[in-house]
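Comments concern the structure below.
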Amino acid sequence: MAGMKSLKKKRRIQVIAVAAVALALSTAMIGYAMRDGINYFRAPTQVMDEPPAPSETFRIGGLVEEGTLIRGEGTTVRFSVTDGGASVPVTYTGVLPDLFEEGQGMVGTGRYVNGTFEASEILAKHDETYMPKEVVDALKEQGVFQHAPGEAPAAPNG
Amino acid sequence: MSLWEYANPARFMATTARAVPVLGGAAALCLLVGLVWGFFFTPEDYRQGSTVKIIYLHVPAALMAINAWLMMLVASLVWLIRRHHVSALAAKAAAPVGVTMTLIALFTGAVWGQPMWGTWWAWDPRLTSFLILFLFYLGYMALWAAIDDPDTAADLTGVLCLVGSVFAVLSRYAVNFWNQGLHQGASLSLDAEENVADVFYYPLLVAIAGFVLLFVALVLLRTRTEIRLRRLHALRLRERAA
């Protein structure tokens with residue numbers, strides 16, 4: 001780039017500033033316009049508001065609602081996924097990841113058929129809480145243990 | 001005494017000759033203490049079990065992968081505006097260190113994700129922008145290698161670095177911009193006490209200090225090598241002309 005060399009210092013600063021502003025603006029516009037594609041999953045509220053066609057494969061994410069997890073015959077499980085607003089029933093056949101449990105985050109891939117989300121893959125979502133096992137056990141014994149702040153509190157002794 | 005004095009290669013060489021061993025020693029000490037403390041003297045996490053220990057490699061490596069690119073951005077801007085050669089060489093020297101940090105973060109993330117999430121890779125906004133950052137590192141190093149004229153190479157890689165910064169920033173803040181992703185939010189923040197228990201937090205801070213010091217030491221060392229390479233090149237040219 002012979003151009004940069006021949007420019008005066010003040011003009012070089014101007015060129016860089018314009019380039020930086022253009023980059024930031026285009027990133028913001030692309031990020032905003034494509035937010036549906038960039039977001040990894042849809043929330044249950046979004047799914048209820050605009051139910052996708054039964055043929056569409058998408059991801060749904062939220063908390064596994066307390067008291068809804070039923071482990072059926074074989075490896076089929078049923079539960080509801082909620083974001084606090086809406087709740088969507090889910091069925092899944094397969095092995096669940098280690099972190100999957102009630103009151104915790106999950107992301108499922110599948111289709112929304114007749115009011116039920118038929119998942120073909122389930123991932124566990126980890127919140128950014130890190131606590132020693134001993135501390136949590138002690139808290140649970142006293143019945144004061146809660147999951148991350150702002151999430152649904154775990155049932156005592158749960 | 002101003003920072004710009006180090007734009008003089010002789011001045012830079014004299015100061016870094018003394019700084020590199022000190023920084024390297026401090027890095028080794030912090031890494032040893034942080035990693036041994038983290039791996040062997042911390043309890044298991046209540047949900048992740050012993051897999052939580054990957055945090056002592058993953059978080060510092062990912063942090064430095066992004067910081068290294070931002071350091072390269074600052075050095076490139078100093079080159080583009082003030083034309084200090086040492087600055088351009090420092091950016092060039094940082095890239096292989098940064099790409100190594102990126103690889104460490106990608107690998108440890110996959111190893112953690114397989115048992116915890118149930119997948120080793122997901123096209124989550126944060127993971128995807130981090131992968132693009134990795135590709136930018138490769139492109140950046142390839143561009144330096146592809147152009148013979150050092151000043152032109154420094155100009156073009158400087159512009160590439162500016163563009164790549166989009167993905168460095170996105171991989172840090174993607175979880176804030178698109179909140180429906182798989183990757184958790186920042187493990188480290190000013191209110192981190194809420195999220196990460198102190199018993200995990202303190203060894204993590206020591207490990208991070210170790211990674212920062214290691215990065216600075218390696219970049220200074222590699223910049224010294226680049227300066228010497230350039231001198232060698234100039235001497236060879238002079239010899240041929242004579």
Side-chain angles (χ1 to χ4, degrees), chain A residues 1-5 9-10 12-13 15-16 19-20 23-24 26-28 30-32 34-36 38-43 46 59 61-62 83 94-101 104-107 121-137 139-140 145 147-149, chain B residues 42-49 51-52 55 77 80-83 112-119 122-129 151-152 154-156 158-159 162-163 165-167 169-170 174-175 177-189 192 194-197 199-201 204:
Chain A
M1 209 165 53
M4 213 59 177
K5 218 174 290 179
K9 184 175 161 190
K10 195 179 167 196
R12 290 202 298 266
I13 295 175
V15 168
I16 291 168
L23 266 175
S26 49
T27 307
I30 293 171
Y32 182 72
M34 299 179 66
R35 64 192 179 284
D36 289 340
I38 293 173
N39 270 326
Y40 191 63
F41 58 81
R42 298 183 202 171
Q46 287 170 293
R59 292 193 196 87
D83 57 357
V95 183
L96 290 167
D98 291 355
L99 287 188
F100 186 90
E101 56 180 303
Q104 295 294 339
M106 60 72 67
V107 177
E121 187 189 28
I122 296 272
L123 303 178
K125 186 164 155 48
H126 183 253
D127 58 36
E128 58 270 26
T129 310
Y130 300 83
M131 275 210 277
K133 199 170 173 304
E134 291 83 359
V135 174
V136 173
D137 288 346
L139 286 176
K140 275 183 181 170
F145 175 67
H147 285 296
Chain B
T42 53
E44 300 201 335
D45 180 72
Y46 75 118
R47 294 187 66 212
Q48 304 169 66
T51 315
V52 68
I55 197 179
L77 289 180
L80 287 175
I81 294 167
R82 297 190 63 132
R83 314 302 281 183
W112 183 90
Q114 178 56 43
M116 293 296 114
W117 286 339
T119 181
W123 296 102
D124 156 279
R126 192 178 219 185
L127 273 67
T128 308
S129 35
D151 283 9
T152 311
D155 278 344
L156 290 180
V159 174
L162 183 67
V163 178
S165 304
V166 167
F167 296 95
V169 171
L170 278 187
V175 279
F177 298 148
W178 299 281
N179 56 6
Q180 283 158 287
L182 185 62
H183 198 289
Q184 54 267 47
S187 305
L188 271 184
S189 53
E194 278 183 35
N195 298 331
V196 183
V199 68
F200 300 129
Y201 189 61
L204 181 58

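Naming: A, B, ... by sequence-line order, numbering from 1 per chain.
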Can you measure from [atom1] ([X]) to [atom2] ([Y]) and round to the nearest 0.5 angstrom?
{"X": "A:Y130", "Y": "B:T42", "atom1": "OH", "atom2": "OG1", "result": "13.0 Å"}
{"X": "A:I13", "Y": "B:L80", "atom1": "CD1", "atom2": "CG", "result": "11.0 Å"}
{"X": "B:L77", "Y": "A:I16", "atom1": "CG", "atom2": "CD1", "result": "5.5 Å"}
{"X": "A:I38", "Y": "B:R126", "atom1": "CD1", "atom2": "CZ", "result": "15.0 Å"}

Report task. Only counting residues at least two apart or in another chain, list the ones meeting ring-ring contact (aromatic ring centres under 6.0 Å, His included) with A:F100. Result ->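 For A:F100 the ring-ring contact (aromatic ring centres under 6.0 Å, His included) partners, ignoring immediate neighbours, are A:F79.
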Query - Best-contacting candidate, A:Q46, A:K10, A:E121, against chain B by heavy atom pairs under 4.5 angstrom - result: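 Ranked by heavy-atom pairs under 4.5 Å with chain B, first place is A:Q46.
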**Report entry** Donor-acceptor under 3.5 Å (B:W178 side chain, A:G31 main chain)
**Finding:**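 Yes; judged by distance alone, with no hydrogens or angles, the pair exists.
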Query raised in the report: Are the side chain of B:D45 and the backbone of A:M131 linked by a donor-acceptor contact shorter than 3.5 Å?
Result: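 The answer is yes, because a donor-acceptor pair under 3.5 Å joins these two groups.
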Which atoms of [X] come close to chain A, meaning under 4.5 Å heavy atom to heavy atom: side chain ones, backbone ones, both, or neither?
{"X": "B:A122", "answer": "both"}
{"X": "B:F200", "answer": "side chain"}
{"X": "B:V163", "answer": "both"}

Query raised in the report: Does some side-chain heavy atom of A:Y40 sit less than 4.5 Å from a side-chain heavy atom of B:H183?
Result: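 A side-chain contact under 4.5 Å is absent here.
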Atom of [X], atom of [Y] and distance for their closest heavy-atom approach:
{"X": "A:L99", "Y": "B:R47", "value": "O-NH2, 2.5 Å"}
{"X": "B:Q184", "Y": "A:H126", "value": "CB-O, 3.1 Å"}
{"X": "B:V199", "Y": "A:P132", "value": "CG1-CG, 3.3 Å"}
{"X": "B:Q180", "Y": "A:N39", "value": "N-OD1, 3.3 Å"}
{"X": "B:V166", "Y": "A:T27", "value": "CG1-OG1, 3.4 Å"}

Query raised in the report: Considering only heavy atoms, which portion of A:A24 lies under 4.5 Å from any heavy atom of chain B: side chain, backbone, both, or neither?
Result: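 No part of A:A24 comes within 4.5 Å of chain B.
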Query raised in the report: Which one of B:P125, B:G181, B:G49 has the most heavy-atom pairs closer than 4.5 Å to chain A?
Result: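 Top option by heavy-atom pairs under 4.5 Å: B:G181.
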